[in-house]
Every structure is written in C-alpha cells, then in structure tokens.
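Any value given below was found using the heavy atoms of this structure, including those in side chains, with hydrogens, waters and symmetry copies removed. The chain is numbered in sequence order, starting from 1.
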Amino acid sequence: MQLHASSAMRGKHCLSLLAALFILVLLSACGSRNAPVRFKVNSEPEGAYVLYMIQGAEIDCAGKWVYLGNTPLQGMYQFDRKQLQSGDKISLRVMQQGYMDQTKEWTGASFYEESKGKGVIFWTPEMVPAGVR
C-alpha cells in the first residue's frame, strides 16, 4: 500500500512538472515575437528629432518615418522579430533646424545583431550647420 501511494505521488509530480514545462515553453514562444532594442542617440546641440524607418515587403509601416524622441535619447523600442528579419533596410535619422539631416542605415539582420551584440544602438551623429560645406 505504501508503494502504491508513493507511485501515485510521483505521477502527480510528473504531471505538475510537465504542465509547468508546457507553460514555460508557451510563454517563451509568445515572448520571442518581440525584439527589444535599446537606443542611445546624442547630438550636439541637443534637442534634435530622432526618427526611424523600416523598409521591407511585408511590413505595415514600411517607408514611413516614426518619431522616437529628442536627443539625448535613451529608450527601448519593441520591434517584431519578423520585421527585423524581413526588413531590407532600417534607418535612423536625426533632424534639427539649422543643421543638415544625418542618417544611418542597417540591414534588418545587422541592426538586430548590433543591438544584441552591443546591447544598444548607440549613435552620435556630427551635426553640420546648414549652408556650411
């Protein structure tokens, strides 16, 4: 009788363990859709607008500039992993009145790799006054 009760308890523990493992796998699969990317963008002088644009065939907001904030910018943006993988090009732009716009571009894969490898997309563009060559 003691052996039977011990066997039943082990069965319950196995079921609990399997259920917990299933929930963990389910949550990790749901969480893997988003790719958090940290940004640190500076400019001199501060206060420039920071925008990004992603281009690709299967992306809803493709070809549209999206405002991220003003410099100095420190923040995180959640990208869809599929967008990054299928993105042909991701651009960051810094704009400020009286200065020439500055743009930096990546492929979707290189953008994601840089953000993962360095932990952040860091950029300090050189702000060139407009009219100066």
Side-chain angles (χ1 to χ4, degrees):
M1 190 71 122
Q2 182 87 10
L3 185 61
H4 182 63
S6 175
S7 171
M9 288 296 283
R10 255 188 292 200
K12 287 182 181 178
H13 286 334
C14 284
L15 278 175
S16 296
L17 184 60
L18 285 173
L21 187 59
F22 177 74
I23 290 171
L24 182 63
V25 168
L26 184 64
L27 287 175
S28 68
C30 292
S32 67
R33 287 184 171 171
N34 288 334
V37 176
R38 289 182 45 219
F39 288 95
K40 286 187 180 182
V41 182
N42 299 311
S43 68
E44 184 58 45
E46 294 179 343
Y49 298 109
V50 180
L51 303 105
Y52 87 92
M53 179 174 50
I54 187 167
Q55 295 177 343
E58 299 179 15
I59 301 169
D60 294 338
C61 62
K64 297 178 184 174
W65 288 103
V66 178
Y67 174 74
L68 291 176
N70 291 66
T71 60
L73 174 73
Q74 291 190 27
M76 185 176 296
Y77 188 83
Q78 296 285 339
F79 286 91
D80 185 308
R81 277 188 205 273
K82 289 180 183 177
Q83 285 183 345
L84 290 181
Q85 292 170 350
S86 66
D88 297 330
K89 184 169 58 171
I90 296 176
S91 305
L92 276 182
R93 177 171 282 173
V94 176
M95 302 172 15
Q96 188 162 13
Q97 187 171 354
Y99 293 87
M100 297 174 67
D101 296 352
Q102 303 296 320
T103 304
K104 186 172 181 180
E105 297 177 342
W106 297 260
T107 65
S110 66
F111 181 82
Y112 183 66
E113 288 303 315
E114 183 174 330
S115 73
K116 286 308 234 181
K118 294 180 180 178
V120 66
I121 296 293
F122 182 76
W123 185 38
T124 303
E126 181 180 336
M127 299 303 288
V128 178
V132 176
R133 298 192 190 251

Requested in this report: Heavy atoms only: give me the nearest Gln96-Ala48 pair and the separation to one decimal.
Outcome: OE1-CB, 3.6 Å
Query raised in the report: Where is the tightest heavy-atom contact between Gln102 and Pro125, given as atom of each residue plus distance?
Result: CB-CB, 3.8 Å
**Report entry** Where at least one partner belongs to residues 117-129, residue pairs that pass side-chain hydrogen bond (donor to acceptor under 3.5 Å, both in side chains), sequence neighbours excluded
**Finding:** none
Requested in this report: Hey, can you tell me if Phe111 and Phe79 have their rings parallel, tilted or perpendicular (30° and 60° cut-offs)?
Outcome: perpendicular
Report summary line: CE of Met127 to CG of Asn42, rounded to nearest 0.5 Å, is 11.5 Å
Requested in this report: Kindly write out the residues that satisfy salt bridge (Lys or Arg N to Asp or Glu O under 4.0 Å) with Glu44, not counting sequence neighbours, or none if the list is empty.
Outcome: none
Query raised in the report: Roughly how far, to the nearest 0.5 Å, is CZ of Phe39 from CD1 of Ile121?
Result: 6.5 Å
Report task. Verify, without hydrogens or angle tests, whether Thr71 (side chain) and Leu73 (backbone) share a donor-acceptor contact under 3.5 angstrom. Result -> no
Query raised in the report: Which pairs, with at least one residue in residues 98-112 and sequence neighbours excluded, count as a salt bridge (Lys or Arg N to Asp or Glu O under 4.0 Å)?
Result: Lys89-Glu105
Report summary line: Hits for side chain to side chain contact (heavy atoms under 4.5 Å, CB included) against Gln97, two or more places apart or cross-chain, chain-then-number order -> none
Query raised in the report: What are the two closest heavy atoms between Ser43 and Gly47, and how far apart are they?
Result: OG-N, 4.2 Å
Requested in this report: Taking all non-hydrogen atoms of both residues into account, name the closest pair between Pro36 and Gln78 and its distance.
Outcome: CB-NE2, 3.6 Å
Query - Verdict with reasoning, Ile54 to Ile90, per side chain to side chain contact (heavy atoms under 4.5 Å, CB included) - result: CA-CA 4 Å; Ile54 187 167; Ile90 296 176; 3.7 Å; yes
Requested in this report: Quick one: name the residues clustered hydrophobically with Met53, using the 4.5 Å side-chain heavy-atom rule over I, L, V, M, F, W, Y, and just say none if it's on its own.
Outcome: Tyr49, Leu51, Trp65, Tyr67, Met95
Report summary line: Students should find that the hydrophobic cluster of Phe122, defined by side-chain heavy atoms under 4.5 Å apart, otherwise consists of Val120
Query - Nearest-0.5 Å distance, CD of residue Gln74 to NZ of residue Lys40 - result: 5.0 Å
